[in-house]
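Structure record follows, encoded as structure tokens.
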Amino acid sequence: MKPIVFLWLLAVIVAAFLWSPPASGFVGESSRIVFFHVPAAWVASLAFLISGYWSVRFLRSRDLEHDMKAAVAVRQGLLFTVIATVSGSVFAKVMWGAYWNWDPRQISITLLLFIYAAYLVLRQSVDDPLRRAHLSAVYAIFAFITMPFFVFVIPRLYFSLHPDTFINAGGKIEMGGRILATFLASLAGFTALFALMYRLECRLERLLLAKGEHA
Amino acid sequence: MARASTPWLSEAAAIFLKDLRSELRTKVAVNSIVLFAVITLALVSYTIGPYRIPPAEKPAILSALLMIILFFASMTGLSRVFVKEEEARTADTLRLAADPQAVFLGKLLLNLLTMAGVTAVVVPLFSILMEFHPMHICSFYGITALGMLGLTIASTLIAAIISKAGNKGALFPILAFPILLPLLLATADALSKAAAWPDLSFMGQALGILVSYSGITFFAGLILFEKVWRA
Amino acid sequence: MNRIAVEGVSYAYGRHPLLQDVRFEARTGEVLLVRGPNGSGKSTLLRLVAGLLHRPSGRVRFLEGDREVPEGDLRARLGMCAVEQNLYDELTALENLLFFGRLRLGGDCAGRAEALLGRADLHPHRHKPVRSLSSGMRQKLKLLAAVVHAPGFLLLDEPGSNLDARGMEFLAGLVEEQKDRGPVLLATNDPREFGHGTREYALAL
Amino acid sequence: MKRTHLFALAGIVVFAALGFWSFRKTLTPYVPFEQAMRSPAVVQVAGTLVENTSAYTETDRTLRFTLRQKDGTAIMPVTYNGVKPSNFEEATSIVAIGAWDGTAFHARQLLVKCPSKYQDSGTERTY
């Protein structure tokens, strides 16, 4: 499994820079960021969804393994959020002239960073594993519940220069040919990479849990 | 004396009255919040004052400042309802005697009363010191009240969480900030409109957002609190 | 006939097992003495029984006749007094009793509270804040708060701490009266309290 | 206990519906022109350029143009002090942040959004 994913991602990188043409309306080659930025953001959302799922499962089961799965998903989600943020702000510099210009999407992603950084700080502040698991699960769920407000409030307060998401408001895919092929391949590759990393860290944590170390 | 458990509304009232009595005897929470708010307000007045802000910018900037002051001030006192129980080691005694939902409701009522008092002092003072004269006074105060309602509900659940963790003081604003951010932004926006908007056409939507935030966080808190309280 | 049935309860702090497969049953008329050296888990066992700690394995049943008391009703049936469970310092003695009585019974229990205060020689101090009471008085008040609702099950963790000879007499009367109402679990290492026990459960370190 | 949970879940659904209902309307930060022209406060407006209305005077570096609201129901004169954005004429949408000063909308900041599509640009590669 591992070698296939690595080879696949290698092919994606080559395709992203050499095979796929740049898109119109972007400064220079900056459109190529879409092959890495969007999949990273997608994986981050996926990871946070997974952590929400395991948080609910934990509150029903009180099984520390479920808590561990939620925490691992948050840590990795945070990693991909940082990747999405950094790649996005490089794009912002090229396209709009500033690394940070308080675009609604930049604001939204900072909220994710704040929530899950707070989640990790909370985990560090509780020693008892069972109590830590309860508190962080409740926090994750509570944050998840209030997130839709952010999604709705922000676009009403700030204007966006962000390119349309590749499925635009009209519901049609505004992406063509090689760009679309490379993009979808990268999306699949990132997801598989995340699945690999997630399973690996869960295995590590399970060993630590069995040894009675931290969760 | 075998009997079913008490209706939890009357239990919530008992807990609220118990906490109110303690708070009236010590006044720690309300004093710390009001003083903190007044100190920040004084700092804002000294550094910015009413005349440095161009009139056209006033509604937006002053509304935002007001929300920032109220947010940080509330973070100094709203956690006391739970932190005190844990620190005085009365939490277990209460846990054995009371229904968790009644505890949440009772503590929430006290926090609401505290924040109502704080708002009643701080907002008029802010208007006077910063020369902030909203166009639609009633809507302005109504929005403030609704904003503080949502802030208090969400903060009360977070307060329960941090009362069980170490490093409580710093943790409270860290955890509360991302949860409250959408509310704070929506409230500040609605306030700035109530301050300078020619008509009240924005009110419907503002009310919808604020009421639904309060409602959702309240009912979610009612479910989730038990998990925290017994953690 | 009330019974507390503890069935295979275990507990561990991290990797260190503290209690392993604890089983016993106590019924009305019995005072089960839980004994063991410091650190053997007496307080933890009582907290596990009361449901203040999550039980990772095993279960505890509170039975009235053949009917099991549902978890939600337990707070009206169970009383507990332990070292780390305090009363409200800034409220008066009477206010504390009325508060806990009202939570657990839903109604006013002023009559019973006053009578209890009299029995514990606390009646003259009923309007003083708990903060200003001596540690012995506070201990007696905690005992009163644990039985203000006349519980069917009672858990006592070191109930005699800070009590003088007269206080111990008061405690003895309380336990005597309570065991007719339901089982009493009494965790202690104080020889003065051993006399209350009708049976013993010993914990090893 | 289960009953309280059901009750609370019903409450969440009701208030979520209320929230959704009130958000149904405008999902933009932009103010209708008619309102911008009645308020002294700083607001954001968005629209498209009315053709052949933009004029730039080099001497006082002022850009004047007329903005048409997205739904086409209103137009409003706008002035802007500063360098004219390079791609101003091709803009698909113009955002102006500023306030109405009685005769024109005085923009402090102009944001110009140009078309961008993830389509193969083929021969017209721009560097």
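All values reported here derive from a predicted model rather than from experimental measurement. Order of the sequence lines sets the chain letters (A, B, ...), proteins ahead of strands, with each chain counted from 1.
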Practice task
Using a cut-off of 6.0 Å, state whether more than 12 heavy atoms not belonging to R166(C) lie near its atom CZ.
Solution key: no

Exercise for the section: Output the residues of residues 45-53 of chain C for which the shortest heavy-atom distance to chain B is under 4.5 Å, in residue-number order; output 'none' if no such residue exists. Expected result: R47(C), A50(C), L52(C)

Handout entry: L78(C) side chain reached by L96(B) side chain, heavy atoms, under 4.5 Å
Key = yes

Problem - Greater than 12 external heavy atoms within 6.0 Å of Y141(B)'s OH - result: yes

Practice task
Select one option (side chain, backbone, both, neither) describing which atoms of F99(C) are under 4.5 Å from chain B's heavy atoms.
Solution key: side chain

Practice task
Can you measure from CD (E84(C)) to OG1 (T93(B)) and round to the nearest 0.5 angstrom?
Solution key: 9.0 Å

Handout entry: A14(B) versus chain C, the contacting section by heavy-atom distance below 4.5 Å
Key = both

Handout entry: Contacts of A98(B) that satisfy side-chain contact (heavy atoms from CB on, under 4.5 Å) - sequence neighbours left out
Key = E11(B), I15(B), L94(B), V103(B), L103(C)

Exercise for the section: Output the distance between atom CD (E87(B)) and atom CG (N86(C)), rounded to the nearest 0.5 Å. Expected result: 12.5 Å

Going by atom type alone, with no hydrogens or angles, which donor-acceptor pairs under 3.5 Å involve a side-chain atom of residues 56-63 of chain C and a protein atom two or more places apart or on another chain?
residue : atom : partner : partner atom : Å
R59(C)  : NE   : E7(C)   : OE1          : 2.9
R61(C)  : NE   : E7(C)   : OE2          : 3.2
R61(C)  : NH2  : E7(C)   : OE2          : 3.0

Exercise for the section: Would you indicate whether the side-chain heavy atoms of D92(B) and M80(C) approach each other to under 4.5 Å? Expected result: no

Problem - Short N-O contact, E90(C) and K84(B), less than 4.0 angstrom - result: yes

Problem - Derivation and outcome, side chain to side chain contact (heavy atoms under 4.5 Å, CB included), residues E85(B) and Y88(C) - result: CA-CA 9 Å; E85(B) 299 269 3; Y88(C) 293 101; 2.7 Å; yes

Practice task
With rounding to the nearest 0.5 Å, note down the distance linking OG1 in T26(B) to CG in D89(C).
Solution key: 11.5 Å

Problem - D180(C) atom CG: more than 12 heavy-atom contacts under 6.0 Å - result: yes

Handout entry: pair L91(C)-R21(B): side-chain heavy atoms closer than 4.5 Å
Key = yes

Completion exercise
In short, R75(C) meets A97(B) closest at the heavy-atom pair NH1-O, 3.4 Å

Practice task
Specify the closest pair of heavy atoms between R102(C) and A13(B), including all atoms of both residues, with the distance to one decimal.
Solution key: NH2-CB, 4.3 Å

Completion exercise
Whatever's closer than 4.5 Å to a heavy atom in chain C on R89(B) counts as both

Exercise for the section: Might you confirm whether atom CZ of R192(C) has over 12 heavy atoms from other residues, nucleotides or ligands at distances under 6.0 Å? Expected result: yes

Exercise for the section: Output the residues of residues 20-38 of chain C for which the shortest heavy-atom distance to chain B is under 4.5 Å, in residue-number order; output 'none' if no such residue exists. Expected result: none

